[in-house]
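Inspection log for the structure reproduced underneath, given as structure tokens.
Numbers restart at 1 for each chain; the letters A, B, ... are given by sequence-line order, proteins then strands. Keep in mind it's a predicted model, so treat the numbers as computed, not measured.
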Amino acid sequence: MIETFLNLDILRAAWPVLLHGLGITLLLSAMTIPLGLGAGLGLALLSTVRTRWVRWPLIAYVDLFRAFPPLVLLILLYAGLPFAGIEMGGFGCVAVGFFLNTGAYYGEVLRAGIESVPAGHSEAARATGLSRLQTLIWVVLPQAIRNVAPDLLSNTLEVVKLTSLASVVAIPELLFQSRQAQALTYNPTPLVAASVIYFVVLWPLVRLLSRLEHRAIAGRR
Amino acid sequence: MIQARAIHKHFGALHVLRGVDLAVAERELVFVIGPSGSGKSTLLRCLNRLEEPSSGSIVIDGIDLLDKRTDINRVRQRIGMVFQSFNLYPHMTALGNVTLAVRKVGGKSRAEADAIGLAALERVGLADRADHHPAQLSGGQQQRVAIARAVALEPRVMLFDEPTSALDPELVGGVLKVMRELRESGMTMVVVSHEMGFARSAADRVIFMADGAIVEQGTPEAVFGAPVEARTRAFIGQIQRHA
Ligand SMILES: Nc1ncnc2c1ncn2[C@@H]1O[C@H](COP(=O)(O)OP(=O)(O)O)[C@@H](O)[C@H]1O
Ligand SMILES: [Mg+2]
């Protein structure tokens, strides 16, 4: 049993490949999180505009990409778009697909955050002569981000997990690499190792999230 | 100092201000009373363009407030506003609240702004609370910090919208004392409030508003003691019974 699922020789052999995969996973996360946050911030700011011509496309966008399974989106970009003459390659598809998907989610979280800040705070800031942008940067966003910190972190956890989908378009991230190693060795040890690595990387974030959530509940009392 | 003429304000079909004329002289304290919903807050908010009047003209300290070319953010520094609900920024200390606009709009360095901010907090008797966050302060202290936040910008006019209405009775006195000192220092003030005692001792003129218009105005003695209009009499009778 241990020979099968935790074969040390195989683990030793597969280790460099897995580490390389972890590197790509972290790289994908490091690319997707800022992109998604940026897109989300843009969407959240746009949602404060009350004009119909801004609101409707915005609602359509957010609804579409929250309802769209990210795996389907990715495969559509990868295997569908070439028929329209658009070839982005695996990495390009992941960048675009994750950007669209996580942007919609971050956008909803940040919108809720901005709406949680009392209008009176912005008015007080504007009354002292701060511009709209200064009010946003110094008064609204710091409170907004603090108010939805648990949701932002939880979303970020999901983004790291999401990167494993990149394996279907042959990006050599952690899951893909462990599948390769498993296929080569006819042994599940690399998969077990990959699972452990995911856990070790994500667990501190999960702990942090729990603490933030507790603090948020205590703060509300 | 303030010349507002024929101010109208519509919210959709609602006609909230119906041609208000208001002139306030330098160093004058004008006290505004009137039933809830009569448009007092809307009028004050028009005076620093937090609300855009539907029509009319407003000139403050020689500046045409409604001119498209007017840099409203510069003018607003000259017009301090204090709200019923304090509206302090909860993520900043008292000093942070007071110095934010001094730094970002006034362009002062942090050291200069801190000196200005501490002086402003000193004026409202809260220099020793500079490092406290709003949540650690009483309502009265929060409102005094809000006053310091406006005062630190050296405004030419201060607008107060029911500054003591959200306070426990025992905290009202401290805020009124600060307002009185501000008046004695020569500040031009427009105060919406129900504090008739303060009006009697500090106001130059009392204005009674109803249904979006000025119904009656005069010295505190005249308006409180011998109101001419029936609506004024009824309203003053009402608040005296509650006081
Ligand atoms: N932003 C707004 N949108 C629509 N109606 C408003 C708005 N602000 C105030 N009103 C309405 O205008 C009227 C006057 O309000 P307000 O100026 O706050 O009166 P007061 O301060 O004298 O109680 C009220 O009927 C109020 O409901
Ligand atoms: Mg009001």
Could you walk me through whether A:Leu141 and A:Val117 satisfy the side chain to side chain contact (heavy atoms under 4.5 Å, CB included) test, starting with their C-alpha distance in whole Å, then the side-chain angles of each, then the deciding distance to 0.1 Å, before giving a yes or no?
CA-CA 9 Å; A:Leu141 283 183; A:Val117 179; over 6 Å; no

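- Formation of a donor-acceptor pair under 3.5 Å by the A:Gln143 side chain with backbone atoms of A:Val140 is not found in this model.
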Walk me through whether A:Gln180 and A:Val17 qualify under side chain to side chain contact (heavy atoms under 4.5 Å, CB included).
CA-CA 9 Å; A:Gln180 294 287 89; A:Val17 176; 5.5 Å; no

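- A distance-only check finds a donor-acceptor pair linking the side chain of B:Thr188 to the backbone of B:Arg27 [under 3.5 Å].
- Taking non-hydrogen atoms and a 4.5 Å limit, the residue list of residues 149-170 of chain A in contact with chain B is empty.
- Taken from OG1 in B:Thr42 to CE in B:Met209, the straight-line distance is 8.0 Å, to the nearest 0.5 Å.
- Using modelled atom types and a 3.5 Å distance limit, the side chains of B:Ser109 and B:Glu112 yield a donor-acceptor pair.
- Applying the ring-ring contact (aromatic ring centres under 6.0 Å, His included) definition to pairs two or more places apart or across chains, those involving residues 30-69 of chain A are A:Tyr61-A:Phe65.
- With 3.5 Å as the limit, one finds no donor-acceptor pair spanning the side chains of B:Asp131 and B:Thr93.
- A tilted orientation is assigned to the rings of B:His91 and B:Tyr89, their planes being inclined by 30° to 60°.
- Contact check for A:Arg55 versus A:Arg50: side-chain heavy atoms found under the 4.5 Å cut-off.
- Using a 4.5 Å cut-off between non-hydrogen atoms, the part of residues 133-166 of chain B that approaches chain A consists of B:Arg149, B:Leu153.
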Where do B:Ile33 and B:Ile207 land on the side chain to side chain contact (heavy atoms under 4.5 Å, CB included) test, with the steps shown first?
CA-CA 6 Å; B:Ile33 56 174; B:Ile207 289 180; over 6 Å; no

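- Between A:Ser47 atom OG and A:Leu58 atom CG the span is 6.0 Å, to the nearest 0.5 Å.
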Evaluate side chain to side chain contact (heavy atoms under 4.5 Å, CB included) for A:Arg126 paired with A:Arg132, printing each intermediate quantity in order.
CA-CA 7 Å; A:Arg126 295 305 305 279; A:Arg132 218 179 268 279; 3.9 Å; yes

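- Interface residues of residues 43-58 of chain B toward chain A, defined by a heavy-atom distance below 4.5 Å and sorted by number: B:Arg45, B:Asn48, B:Leu50.
- Both the backbone and the side chain of A:Glu123 come within less than 4.5 Å of a heavy atom in chain B.
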